[in-house]
Amino acid sequence: MENPYLPYPVRIDDIQIATEDKSLKTFKFVFLNEGDEEKFAYHAGQFAELSIPGVGEIPIGIASSPVEKGFVKFTVFRAGVVTSHLHNMKIGDIMGIRGPLGNWYPWDKLENKNVVIIGGGFAFTTLRSSIVYMLDPANRSKFKNIDVVYGARSPGMLLYREELFEWERRDDINMHITVDGTDDPDWKYHTGFVPQVVEQNAPKADEDTYAIICGPPIMIKFTQPSLTQLGYKPHQIIMSLENRMKCGIGMCGRCNIGKELVCKDGPVFTLDQINQTPKEY
Amino acid sequence: MKFITIDKKDWTQGIDKSRKTYQLFGPVTDENGCKIKELDADVAPDMDYHESVMSAKSVLFPQSETILTTSLNEAVDDHHIMKRAENTYTPRAILGIRPYDAKAILLVKLNFDTDDYRDPYWCDAYEATTLVGLGITKPGPFDFSTSVGCGPFCEEGLDILLADLDDHYLAKVLTPKGEAYAAACGFDAAADDKESQALFDILQLEAEKNITSRVETDKLKDKVLLDLHEAPFWDDIAFACINCGTCTYVCPTCWCFDIQDEVKQKQSSRFRNWDTCMSPLFTRHATGHNPRGAKVQRVRQRFMHKLKYFLDKYDQGIMCVGCGRCVKSCPVNIDIRQVAHTMNTFEKKD
Amino acid sequence: MDTCIKKIRELAADLLDKGEVERVIGFAKGTIPMATSPIAIGSKQEIEKLVFNSTCGLNLANFARNLKGKTAIIAKGCDSRNIVTHIVENQIKRDQIYIIGVPCTGMVDKFKIASRFKDEITQFEEAGDTLTVSSLSETKELKKQDYLRENCSLCTHRNPVLYDVLAAELVEEQVLENPFPDVDRIEALDPDAKWQHFSDLTKNCIRCYACRNACPLCYCPTCFVDEAGPQWVGKGQNKTDVDTFHFLRAYHCAGRCTDCGACVEACPMGINVRDFTRKLNKDALELFGWEAGLDITKRPPLDTYSPDDPNDFIK
């Protein structure tokens, strides 16, 4: 087996500022070695460790989608030592990526089902990966209705704005974009917190509907009751968790919640599974 | 399987012969106690030792180990390309390792060698290591190995098991690695199979009778995980804890580690260090959010991991081999045997 | 000293019964010989759990911060000085702590006792000045005086300096002509030998931080060794990093250390951690006439400036 601590060397191919306050940037990486991209074949929902020699590593959800070839994309929030260093790097710089790590959204279970995607703030990365995957002509027919509720503090804080508005214009996906508040008189979408928008716009649950929810702990805390009100059972609510990680391969023992390791048994769990773990996340 | 008699007069000469092909480790006693260390050319292992403060895990899992190196010098072709650090895993032997430490290595292997991933550093070291165990004829007062599926003459994980019979050792060769090591030492005085096994059986029975510390852990498997987690006794257990790393570092079955990068001039190294779940920073997110920010949560985590999560996850018994080091070294005398008893007898009140 | 436990229990039971304190912090009997475990008792039904003897080597002031409500605490001489330091440093309020003072005749050196036996100690009893210690193979009677911890043998503050009630009669304080013979020994070495001494001291350190965590003075929310942005000290076993931790921590305790020996007591590797702070204690006494924790109205010398401060180092 290959050394799971050794990253694939990559080059930064593009950097985009993702939010108006510049706290998030989207990085596009290309693999230096031929064949590494195939080895890195991933599913929507997985994450990877972005690895900078001499600085450290960070576990970040993969924002690009398996159907997008030739590169991988990650949207990174500047929070600590490694993310700050990454934000100061330039196009052409070399670093490493380890992965893909973790499990992924249960695509086989979701076939022939309605999918409701709920995201908040900058936790939308793997959800972008999922939406691009589902909307791809090769995959769209595998799913029934797709609803998306995505909210941020203000319009400038929404990730992937251009793509969001593009999807909004499509008729094979129902977008419910919302912001907490805005002074923009031309804002044509919702205003209000994600839990309310979910209550008012998300479809009611039935046996064939699943919800994927990804966001800061506080958003999840208040959105859960809304979903429960709409009739979603714990096994129909799929969540992606975060935790402090180092190895990402289930060996350093840091990211556990009870006996589940978020990096290996997760980060995707159903609410049902999470209800059986201690509340230490 | 075969048995070999080793006259103690021939012991040092034999192991010195093995130095041609093996790096040797063993118990070394100094004024601060006994530790498992690399044996320099003129140092013999202290085979009369009782217990070592630290376990043998550092031979396979050093406290600080470089895993990757990178040149940051942009003039060099492969700058910023990370490479595996050039550590060598030449054959080595740990002499006089206790059976509980050998069993612990098997438990730790469950973590580092899985179906999905293989930790090359630990696994390469494991494959290069021969474990020459020394049975414990007089178990100490902290040894509760028989309560947790191990024992003073337990053979699990060992390549050779030695019994100390005053003027000679009786060696039971358990694996091909063990055979190779005995050959490298030139120990070849075969002993009768039946008689030898009978002797080992007696020694084991006697030694196990001498174990004075017992703990019951039979009901842990059936307890509901969340019930134990929410139980009211954790605050009392946690009060004295000072959240140092002593218990985790002396424990042979603890494996948690941290990964750090350091730079010196134009060279960077990534290395891993032992880390401890007792540290407040262990689970602290970059945002400041800390799922185990309170001391009681960390104390609870340690015991739940050892006595419940590991048990449920791997079904190989609890994550403890009964060596008693944590009991002896804990600065505030938090005793895992007491905690195990409390958990084992816990009944949820409705 | 072990006879004052009755009085301690009486006083503690009374305080809890009357609801004057939320809890009493003291020592509980250990599960292994020569060990005791800090404990917080909330009701007088648990009073029998409290013990006090010559193996109560930790400093309970370490457990006195950040508690809700009023707390009673068993305090030896050194512990009481650390409580004074906590009050001076605004870590606890005087009216939130009720000090049950215990005049102390010293704690025993567990490593020293263990080294007298070739196998594990199975029993430890004390009666007055006599210790009866048994291992798997033999029993010895030892004199407590011969097995005092080094800091206890050099102690000049056995009586609590601040207390609400005393659990026993005050004891006679030692008067030492030279309170720092251990520092003198090291000072007499030439620089290479001195460096070697300190190098050897940390060679077995496993960075468990038991010394730091047992020390009542070390209460920084984030210790300098744990900082990541910027990272001051490496976290591995590099000798320079290990030594930096010990030297720098000693300086953070300079002028505040009461030589309670909790650091040495806690260390699983038997390192004499006090060697790092003793010289600083000597300097504090000689340069500023200062001993930590004796007066709740005075701030430590590294905290205050006075025009009379010694300045002969300015050439």
Side-chain angles (χ1 to χ4, degrees), chain A residues 1-11 32-33 49 51-58 77-85 93-96 98 101 216-217 241-262 264-265 275-281, chain B residues 67-72 78-84 111-112 114 116-123 225-226 228-230 254-263 267-270 272 275 277 281-292 297 300-301 304-305 308-314:
Chain A
M1 266 194 225
E2 298 205 13
N3 183 346
Y5 297 99
L6 200 56
Y8 298 119
V10 294
R11 194 185 70 243
L32 288 185
N33 294 336
E49 288 272 359
S51 191
I52 308 178
V55 186
E57 296 189 319
I58 38 173
F77 175 60
R78 189 185 57 235
V81 174
V82 185
T83 47
S84 300
H85 192 273
D93 281 350
I94 297 175
M95 47 183 275
R98 281 200 298 126
L101 302 170
L241 295 183
E242 291 183 336
N243 218 349
R244 178 151 179 80
M245 295 179 188
K246 281 277 177 174
C247 71
I249 54 175
M251 289 186 187
C252 74
R254 187 173 305 254
C255 67
N256 75 305
I257 300 176
K259 64 180 206 286
E260 316 299 326
L261 291 166
V262 178
K264 198 165 170 209
D265 304 306
N275 285 342
Q276 306 198 28
T277 65
K279 300 260 169 301
E280 280 176 358
Y281 47 84
Chain B
I67 58 176
L68 301 176
T69 53
T70 319
S71 169
L72 302 177
D78 51 1
H79 69 90
H80 285 91
I81 307 285
M82 290 174 259
K83 302 204 168 70
R84 178 174 171 171
N111 182 57
F112 286 113
T114 67
D116 304 297
Y117 300 108
R118 178 186 180 273
D119 182 309
Y121 312 98
W122 194 94
C123 293
L225 195 151
L226 282 179
L228 284 175
H229 191 264
E230 306 303 319
C254 272
W255 63 60
C256 286
F257 58 88
D258 183 21
I259 300 179
Q260 289 281 319
D261 278 51
E262 281 184 15
V263 179
Q267 189 71 16
S268 92
S269 314
R270 177 165 296 163
R272 63 151 167 232
D275 204 351
C277 56
L281 296 179
F282 193 65
T283 50
R284 188 179 179 279
H285 295 204
T287 53
H289 173 61
N290 193 343
R292 295 203 280 267
Q297 293 171 307
R300 174 176 57 188
Q301 152 68 18
M304 284 296 288
H305 187 200
K308 188 62 182 151
Y309 301 154
F310 181 88
L311 175 64
D312 281 359
K313 188 168 175 158
Y314 293 102

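As the structure is a computational prediction, the values presented were derived from the model and not from experiment. Here is the naming used below: chain letters follow the sequence lines, and residue numbers restart at 1 for every chain.
With a threshold of 4.5 angstrom between heavy atoms, B:Gln267 does not approach chain A through any atom at all. No part of B:Met304 comes within reach of chain A, as not one of its non-hydrogen atoms sits under 4.5 angstrom from that chain. Using a 4.5 Å cut-off between heavy atoms, A:Leu32 contacts chain B through its side chain alone, with no backbone atom that close. Within the 4.5 angstrom heavy-atom criterion, only backbone atoms of A:Asn275 (N, CA, C, O) approach chain B. Heavy-atom distances place the side chain of A:Pro7, and not its backbone, under 4.5 Å from chain B. For B:Tyr121, the part sitting under 4.5 Å from any heavy atom of chain A is the side chain, from C-beta outward, and nothing else. Both the backbone and the side chain of A:Asn256 come within contact range of chain B, with heavy atoms under 4.5 Å apart. Heavy atoms closer than 4.5 Å to chain A are found nowhere in B:Lys308, neither backbone nor side chain. With a threshold of 4.5 angstrom between heavy atoms, A:Thr277 approaches chain B through N, CA, C or O but not through any side-chain atom. Using a 4.5 Å cut-off between heavy atoms, A:Tyr281 contacts chain B through its backbone alone, with no side-chain atom that close. When heavy atoms are compared at a cutoff of 4.5 Å, A:Cys247 approaches chain B by way of both its backbone and its side chain. Heavy atoms of B:Ser269 lying under 4.5 Å from chain A are absent altogether. Only the side chain of B:Arg292 has a heavy atom closer than 4.5 Å to any heavy atom of chain A. Interface remark: B:Leu311 contributes no atoms to any contact with chain A (heavy atom separation under 4.5 Å).
Counting all heavy atoms, side chain and backbone alike, B:Pro291 lies closest to B:Gln297 at O-NE2, 3.3 Å. Nearest heavy-atom pair across A:Arg78 and A:Ser84 is CG-OG, 3.5 Å. The heavy-atom pair separating A:Pro278 from B:Leu226 by the smallest distance is N-CD2, 3.5 Å.
Salt-bridge annotation for A:Lys246 and B:Asp275: absent, with no side-chain N of the basic residue lying under 4.0 Å from a carboxylate O of the acidic one.
Heavy-atom pairs under 4.5 Å with chain A were tallied for B:Leu68, B:Asp119, B:Leu225; the largest tally goes to B:Asp119. Ranking B:Gly288, B:Cys277, B:Pro120, B:Ala286 against chain A, the residue ahead of the rest is B:Pro120, based on heavy-atom pairs under 4.5 Å. Contact count versus chain B (heavy atoms, under 4.5 Å) is highest, among A:Gly80, A:Pro9, A:Gly54, for A:Gly54. Annotation: maximal heavy-atom pairing with chain A below 4.5 Å, among B:Arg272, B:His305, B:Gln301, occurs at B:Gln301. Interface summary for chain B: among A:Val10, A:Val55, A:Ile58, the most heavy-atom pairs under 4.5 angstrom belong to A:Val55. Among A:Gln276, A:Lys279, A:Met95, the residue with the largest count of heavy-atom pairs under 4.5 Å with chain B is A:Gln276. Interface remark: of the candidates B:Thr283, B:Asp116, B:Leu72, B:Asn111, B:Asn111 forms the most heavy-atom pairs closer than 4.5 Å to chain A. Contact tally against chain A (heavy-atom pairs below 4.5 Å) for B:Gln260, B:Lys313, B:Lys83, B:Glu262: the top residue is B:Lys313. Per-residue heavy-atom pair counts under 4.5 Å with chain B were compared for A:Glu260, A:Glu2, A:Met245, A:Glu280, and the maximum is reached by A:Glu280. The candidate from B:Ile81, B:Thr70, B:Ile259 with the greatest count of non-hydrogen atom pairs under 4.5 Å with chain A is B:Ile259.
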Intermediate values then yes/no, side-chain contact (heavy atoms from CB on, under 4.5 Å), A:Lys264 and B:Thr114: CA-CA 12 Å; A:Lys264 198 165 170 209; B:Thr114 67; 3.7 Å; yes

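By the salt bridge (Lys or Arg N to Asp or Glu O under 4.0 Å) test, B:Arg270 is found to be paired with A:Glu57, B:Asp261, residues two or more places apart in sequence or in another chain being considered.
Ring geometry, B:Phe112 versus B:Trp122: the interplanar angle falls under 30°, so the pair is classed parallel (tilted spans 30 to 60°).
In the displayed structure, A:Glu242 atom CD is contacted under 6.0 Å by at most 12 heavy atoms of other residues, nucleotides or ligands. More than 12 heavy atoms of other residues, nucleotides or ligands sit less than 6.0 Å from atom NE2 of B:His289.
Using modelled atom types, one side-chain atom of A:Arg254 and one backbone atom of B:Phe257 make a donor-acceptor pair closer than 3.5 Å.
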